[in-house]
**Q** 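For reference, the structure I am asking about is given below.
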Amino acid sequence: MITKLQQHYSYLFEENLLQEIANVSIYKKFKEDDIIIDVNSYMVAIPLIISGAIKILREDKDGDELVLYYIEKGDTCAMTLSCCMGETKSKIKAVAETDGTLLMIPKNKMSEWLSKYKSWQEYILQSYHSRLNEFIDAVDSIAFLNMNDRLLKYLKDKAMVIGNDVLNVTHLQIANDLHTSRVVISRLLKALEKQSKIELRRNQIKILEL
DNA sequence: ACATTAAGTGATT
DNA sequence: AATCACTTAATGT
C-alpha cells in the first residue's frame, strides 16, 4: 500500500508522513453509486482519494439533491475536515461517481499532523482553498447562470472526472443532479444536439465539443 | 406480445 | 423554467 501512496502522493507529502499515513489509515474500495458519506452522519475519519471520482451533493429534507462539485485522486473532502474539527454532523452527501479506492485517516491523526508536518498543513489549507472556490462556482452557477449553462458545466465536469466524453446517464439522472425536471433537461439536450455539440442515444450522451 | 422505462413534444402557467 | 398530459421509442421478460 505504501507504494500506491507514493505513486499518488509523493509530490505532496514527505516520506515520513507517507509512512505514517500507511501505518494508520484504512484502505477501502468503492464502487460506482456507493454512498461514501451520508447526511447527518458523524465523521470518524477523513478520506483521501487514491483513484476514481466522488460527487459531493447537498440534500434537503425531502431527499431532493443538488450536485455541488466533484473530487478526484489527490483530493480530500473539505466538508469532512471541518466536521472532524468541530465534531458536527455531515451536512453533505458523497456518492461515488466511478469505481475507485480511498484511504480513511483516523481524525485524531489529522490534527496531530497539522503541527507535525508542514506538507500536511499546506495540503489541508490548499484543500480548503480549492473547495471553497468550487463552492463559490457552484453558488454562481445556481444564482447567475441559466439552466443551459449549468447543464454545459455539468456535462463538462462529468466528462472530466470520468475521463471520457461518452457519458452513460439518463436525462432523469441529470435532472436530479441539477435539481430540475427531466423535461427541461431533455429539451436543452435536444437543442445542444441540434447545434452538433453532443450526440444523444438512450442512456448515453456523447460530447463532441463544449 | 406485453410491460416498463427513457425520451420527445405541445400546451399552459 | 416548471408542470401536465400525451406520444413515441427502446429494452427487458
Side-chain angles (χ1 to χ4, degrees), chain A residues 28-41 47 49 51-73 75 77-79 82 89-102 129-210:
Chain A
K28 279 198 173 165
K29 287 184 180 162
F30 56 85
K31 291 207 285 288
E32 191 176 337
D33 292 332
D34 278 358
I35 294 173
I36 314 285
I37 299 168
D38 210 342
V39 273
N40 291 330
S41 58
I49 302 184
S51 64
I54 293 174
K55 73 178 165 193
I56 304 299
L57 38 89
R58 187 88 232 259
E59 191 179 62
D60 71 10
K61 52 231 175 268
D62 303 325
D64 286 333
E65 300 178 339
L66 177 64
V67 172
L68 294 176
Y69 51 78
Y70 293 91
I71 55 178
E72 301 176 80
K73 63 171 178 292
D75 290 334
C77 174
M79 191 64 220
S82 79
K89 289 179 183 176
S90 170
K91 295 191 169 77
I92 50 93
K93 187 175 173 185
V95 180
E97 179 69 22
T98 65
D99 293 358
T101 52
L102 56 76
H129 176 73
S130 59
R131 281 326 118 194
L132 189 58
N133 274 337
E134 299 222 34
F135 183 70
I136 298 291
D137 278 353
V139 172
D140 276 355
S141 82
I142 297 162
F144 305 123
L145 267 49
N146 55 34
M147 199 37 95
N148 187 52
D149 289 339
R150 287 179 63 197
L151 178 60
L152 284 171
K153 177 169 156 45
Y154 176 87
L155 294 173
K156 261 187 272 183
D157 284 352
K158 190 143 184 143
M160 193 176 57
V161 295
I162 65 173
N164 192 164
D165 49 14
V166 177
L167 311 175
N168 290 308
V169 274
T170 67
H171 299 183
L172 182 63
Q173 288 168 340
I174 299 175
N176 288 335
D177 281 350
L178 295 180
H179 200 233
T180 179
S181 68
R182 194 226 89 214
V183 193
V184 172
I185 296 300
S186 290
R187 289 211 163 100
L188 291 172
L189 285 173
K190 198 78 206 152
L192 287 175
E193 189 183 35
K194 283 208 180 100
Q195 298 163 37
S196 306
K197 290 188 174 178
I198 57 172
E199 226 173 86
L200 296 174
R201 263 164 236 158
R202 180 178 238 241
N203 291 319
Q204 183 167 265
I205 297 168
K206 181 175 184 180
I207 294 170
L208 303 174
E209 53 157 316
L210 284 179

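Here is how names work: the chains are called A, B, and so on, in the same order as the sequence lines, proteins then strands, and each is numbered from 1. Worth saying up front: this structure is predicted, and the values here are computed from it rather than measured.
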**Q** Filter on salt bridge (charged side-chain N to carboxylate O under 4.0 Å, His left out), then keep only pairs touching residues 129-143 of chain A, sequence neighbours left out; what's left?
**A**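 Qualifying pairs: Asp75(A)-Arg131(A), Arg131(A)-Glu134(A).
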
**Q** Mind calculating the distance between CD (Gln204(A)) and P (dA10(C)) to the nearest angstrom?
**A**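 So the two atoms are 14 Å apart, to the nearest Å.
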
**Q** Any protein N or O atoms within reach of nucleotides 3-8 of chain C? Criterion: under 3.5 Å, listing atom names and distances.
**A**
from	atom 1	to	atom 2	distance (Å)
dT3(C)	O4	Arg187(A)	NH1	3.4

**Q** Just do the side-chain hydrogen bond (donor to acceptor under 3.5 Å, both in side chains) check on Ser90(A) and Ser41(A) with the steps written out, would you?
**A** CA-CA 5 Å; Ser90(A) 170; Ser41(A) 58; 4.7 Å; no

**Q** Determine which pairs satisfy side chain to side chain donor-acceptor pair (under 3.5 Å) with at least one residue from residues 159-174 of chain A, sequence neighbours left out, and list them in order.
**A**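 Applying side chain to side chain donor-acceptor pair (under 3.5 Å) to every pair that reaches into residues 159-174 of chain A, excluding sequence neighbours, yields His171(A)-Ser186(A).
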
**Q** Which nucleotide of DNA chain B is the first, and which the last, in the 5' to 3' direction, to come under 4.0 Å of a heavy atom belonging to chain A?
**A**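 Terminal contacting nucleotides, 5' to 3': dT5(B) to dA11(B).
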
**Q** Answer yes or no: is there a donor N or O on one side and an acceptor on the other, between the side chain of Asn146(A) and the main chain of Asn148(A), under 3.5 Å?
**A**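 Judged by distance alone, yes, a pair lies under 3.5 Å.
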
**Q** Who pairs with Lys153(A) by salt bridge (Lys or Arg N to Asp or Glu O under 4.0 Å), at least two apart in sequence or on another chain?
**A**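 Result, salt bridge (Lys or Arg N to Asp or Glu O under 4.0 Å) vs Lys153(A): Asp157(A).
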
**Q** Only counting residues at least two apart or in another chain, list the ones meeting salt bridge (Lys or Arg N to Asp or Glu O under 4.0 Å) with Lys190(A).
**A**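 Per chain and number, Lys190(A) pairs via salt bridge (Lys or Arg N to Asp or Glu O under 4.0 Å) with Glu193(A).
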
**Q** How long is the straight-line distance from OH of Tyr154(A) back to CE of Met147(A), given to the nearest 0.5 Å?
**A**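 Going from CE on Met147(A) over to OH on Tyr154(A), the span is 12.0 Å.
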
**Q** To the nearest 0.5 Å, tell me how far Leu66(A) CG sits from Asn176(A) CG.
**A**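 Atom-to-atom, Leu66(A):CG and Asn176(A):CG are 11.0 Å apart.
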
